[in-house]
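Numbering starts at 1 and runs along the sequence shown. As the structure lists them, so they are numbered: ligands from 1, and atoms in each ligand from 1. Computed from a prediction, not measured in an experiment: that's the story for all the values here.
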Amino acid sequence: METNQPLRLFIVCFLIHSLTSSSSLSTKNITTDKNALLALKTCITHDPNTLLAKNWSTSTSVCNWIGVTCGVRHRRVTALNISYLGLIGTIPPQLGNLSFLVLLAINDNNFYGSLPYELARLRRLKYINFNYNQLSGNVPSSIFNISSLQELRLKHNRLSSMVNVSCGGPNLMSLDLSENSLEGEIPSFISECKQLQFLNLTINNFRGGIPKYIGNLTKLKTLSIGLNKLEGEIPKELGNLVELERLILLDNVLLTGQIPSLLFNISSLWQINFSNNSLTGDLPHNMCSHHRRSVLKALQLTRNQIMGTIPYHLWQCKELTIVSLSYNQFSGHIPRNIGNLTKLEGLALGANNIIGRYLIESINNIQ
Ligand SMILES: *[C@@H]1O[C@H](CO)[C@@H](O)[C@H](O)[C@H]1NC(C)=O
Ligand SMILES: *[C@@H]1O[C@H](CO)[C@@H](O)[C@H](O)[C@H]1NC(C)=O
Ligand SMILES: *[C@@H]1O[C@H](CO)[C@@H](O)[C@H](O)[C@H]1NC(C)=O
Ligand SMILES: *[C@@H]1O[C@H](CO)[C@@H](O)[C@H](O)[C@H]1NC(C)=O
Ligand SMILES: *[C@@H]1O[C@H](CO)[C@@H](O)[C@H](O)[C@H]1NC(C)=O
Ligand SMILES: *[C@@H]1O[C@H](CO)[C@@H](O)[C@H](O)[C@H]1NC(C)=O
Ligand SMILES: *[C@@H]1O[C@H](CO)[C@@H](O)[C@H](O)[C@H]1NC(C)=O
Ligand SMILES: *[C@@H]1O[C@H](CO)[C@@H](O)[C@H](O)[C@H]1NC(C)=O
Ligand SMILES: *[C@@H]1O[C@H](CO)[C@@H](O)[C@H](O)[C@H]1NC(C)=O
Ligand SMILES: *[C@@H]1O[C@H](CO)[C@@H](O)[C@H](O)[C@H]1NC(C)=O
Ligand SMILES: *[C@@H]1O[C@H](CO)[C@@H](O)[C@H](O)[C@H]1NC(C)=O
Ligand SMILES: *[C@@H]1O[C@H](CO)[C@@H](O)[C@H](O)[C@H]1NC(C)=O
């Protein structure tokens, strides 16, 4: 009996879907919202605290339901937040009927199956959070067509493909697709998302090169594409990202070539993590050029094949808190002025050919 329950509930969920599909209602009101939420409730097969089971009762107004917020003017559902409830279930297409919805947070549950195409009907939606679920399959292209959308979070699901996506939503500022199973090249629709400030593609199976067009997304502050299978050189076009603060490319072992010195023309860039790639050549000598001396905080280049001496100027970046250069081919001496870095918390220089003549003297000054 126990084992049949999910199947039975799935059938009910499916029937309710068919039932509402056959209705020809076109005007929407709070009853539409209620039906959409009841459809969702039917698609939830496990509700450990019986929170929705008890609270989402047809005898009270939807606006009093837990996780539901209604607008003051229209008395329609504007926010649905059922995060962290341990729910297991699927996302029914009826959610696309919550036409006044601005915020949708379903994160940190165990929703599975695919994301319905109908979500694209939510023309007022600004924020979607589906992080930490088990959603799978294709990321519906329609979701990127919501023109009001500012933030889309799909971290830690099982999404495997993105087909025919175009960045129809001109307002998308934050996109998190990390910890999925996305494959192929970094999808080209990203070039159209001109307002992007935050992009996280870490932990997927992306291959190919880092596209040059990313350098055209000039609002980017955070670019994180670690733990993929990217190859080729770091495009110098990334130097056009004048607002960039964090650049994280670690664990793409096929990433080669020299670190472009143009990156260090960006005056806001404070975190660099290129660890565990196959970068070569010398370190650019402008890392701590005059306009950057109070910027750089973290420089992590462990496990590459970078050579030459560590530029003396590096130690003039007074805000440095972490420097890891171990497992490279650096040579030369550790300069004396390293002891001037009073904020330094971590320094890793091992597995190089560096001579530590002044090391002890310097370390004594580091807290
Ligand atoms: C709600 O959504 C379903 C499925 O997407 C649809 O068939 C139905 O016509 C919609 N409208 C109303 C008013 O329920
Ligand atoms: C919602 O609209 C339907 C038909 O369009 C109507 O029958 C129903 O009474 C309305 N409900 C409310 C609460 O206005
Ligand atoms: C549902 O929860 C809300 C918020 O905690 C509460 O105000 C409301 O009374 C509850 N409704 C029922 C029917 O339990
Ligand atoms: C949703 O609710 C959770 C817990 O009640 C809260 O921590 C979180 O900030 C809310 N999310 C949003 C986007 O408001
Ligand atoms: C995006 O929206 C446009 C205009 O509203 C529409 O023509 C197009 O089919 C939509 N694309 C997707 C993938 O939904
Ligand atoms: C993608 O677009 C092509 C050409 O327009 C079409 O043939 C194909 O069916 C679409 N694929 C999906 C999954 O929508
Ligand atoms: C990007 O995603 C990864 C994997 O979930 C996470 O560890 C990392 O903190 C994220 N990066 C940023 C800058 O938020
Ligand atoms: C970047 O934008 C410029 C101007 O809009 C355009 O000419 C160029 O082709 C774009 N570069 C890439 C690599 O997309
Ligand atoms: C370097 O990256 C590869 C591929 O992602 C991974 O298998 C390996 O464990 C990483 N090495 C270290 C020391 O993190
Ligand atoms: C780097 O920045 C400096 C100072 O802002 C500027 O003079 C120089 O032209 C820039 N270099 C490149 C290649 O853009
Ligand atoms: C950066 O790289 C180091 C290895 O040098 C790794 O241990 C660390 O977790 C990475 N940090 C971030 C924020 O990605
Ligand atoms: C270290 O700092 C002291 C005091 O701020 C300064 O006088 C000295 O020139 C610095 N040394 C180096 C090598 O930068």
Side-chain angles (χ1 to χ4, degrees), residues 20 22-38 47-49 51-52 55 58-71 73-87 94 97-109 111 122 124-133 149-155 173-174 176 178-179 181 183 198 201-207 224-231 248-256 273-279 300-306 324-328 348 350-351:
T20 37
S22 59
S23 79
S24 57
L25 292 179
S26 55
T27 38
K28 292 182 175 168
N29 56 27
I30 189 72
T31 309
T32 322
D33 292 357
K34 186 178 189 175
N35 288 337
L37 293 173
L38 286 174
D47 175 8
N49 302 306
L51 217 54
L52 305 193
N55 190 278
T58 48
S59 59
T60 56
S61 160
V62 234
C63 300
N64 296 329
W65 289 3
I66 208 157
V68 176
T69 309
C70 291
R73 248 178 79 212
H74 300 281
R75 297 307 289 165
R76 296 284 306 275
V77 174
T78 55
L80 175 64
N81 182 354
I82 48 168
S83 54
Y84 299 99
L85 296 181
L87 305 172
Q94 283 90 336
N97 285 343
L98 295 171
S99 44
F100 280 71
L101 205 63
V102 175
L103 181 149
L104 177 60
I106 295 193
N107 52 293
D108 298 82
N109 285 294
F111 281 92
L122 303 173
R124 291 178 171 85
L125 207 50
K126 288 187 178 154
Y127 176 93
I128 300 180
N129 193 342
F130 283 116
N131 282 357
Y132 296 96
N133 280 288
L149 196 61
Q150 295 175 1
E151 198 163 336
L152 177 58
R153 300 184 178 201
L154 293 167
K155 185 198 282 285
M173 290 192 291
S174 176
D176 194 341
S178 64
E179 298 186 39
S181 310
E183 294 179 342
F198 177 94
L201 303 176
T202 297
I203 313 190
N204 277 289
N205 293 314
F206 288 121
R207 290 172 187 275
S224 181
I225 36 183
L227 290 117
N228 279 288
K229 300 188 168 74
L230 298 171
E231 58 186 56
I248 296 151
L249 305 177
L250 75 153
D251 278 35
N252 287 284
V253 285
L254 299 175
L255 218 51
T256 57
N273 197 335
F274 297 168
S275 293
N276 200 15
N277 293 311
S278 300
L279 301 173
Q300 290 169 285
L301 304 174
T302 298
R303 288 182 201 277
N304 281 283
Q305 287 128 46
I306 305 169
S324 38
L325 305 177
S326 42
Y327 296 97
N328 278 289

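Within the 4.0 angstrom cut-off, atom 2 (O) of ligand 9 has one or more protein heavy-atom neighbours. Atom 7 (O) of ligand 4 is not flagged as protein-proximal [any protein heavy atom, distance under 4.0 Å].
Residue-environment remark: OH (Y327) stays at or below the threshold of 12 foreign heavy atoms within 6.0 Å. Annotation for K126: atom NZ does not count as buried by contact number, only 12 or fewer foreign heavy atoms lying within 6.0 Å.
Remark: minimum distance from atom 13 (C) of ligand 9 to any protein heavy atom is reached at R303 NE, 3.1 Å. For atom 4 (C) of ligand 4, the nearest non-hydrogen atom of the protein is S83 OG, 4.3 Å. Among all non-hydrogen protein atoms, the one lying nearest atom 5 (O) of ligand 4 is N81 ND2, 4.7 Å. Here the heavy atom of the protein found nearest to atom 14 (O) of ligand 9 is N276 ND2, 3.5 Å.
Within the 4.0 Å heavy-atom cutoff, L227 does not count among the residues contacting ligand 9.
By the 4.5 Å heavy-atom criterion applied to side chains, L85 and D47 are not counted as neighbours. Side-chain contact between N97 and K28: present, with at least one pair of heavy atoms (C-beta onward) separated by less than 4.5 Å. Using a 4.5 Å heavy-atom cutoff, the side chains of S83 and N131 are not in contact.
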| task | Please lay out, stage by stage, how N205 and K229 fare under the test side chain to side chain contact (heavy atoms under 4.5 Å, CB included). | result | CA-CA 6 Å; N205 293 314; K229 300 188 168 74; 3.0 Å; yes
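Residue-ligand proximity, Y127 to ligand 4, at heavy-atom distances under 4.0 Å covers atoms 13 (C). Residue I30 has at least one heavy-atom neighbour below 4.0 Å for each of these atoms of ligand 2: 13 (C).
With a heavy-atom cut-off of 4.0 Å, T32 does not touch ligand 2 at all.
Remark: of the listed residues Y84, Y132, F130, Y84 is the sole one forming a side-chain contact (heavy atoms from CB on, under 4.5 Å) with N107.
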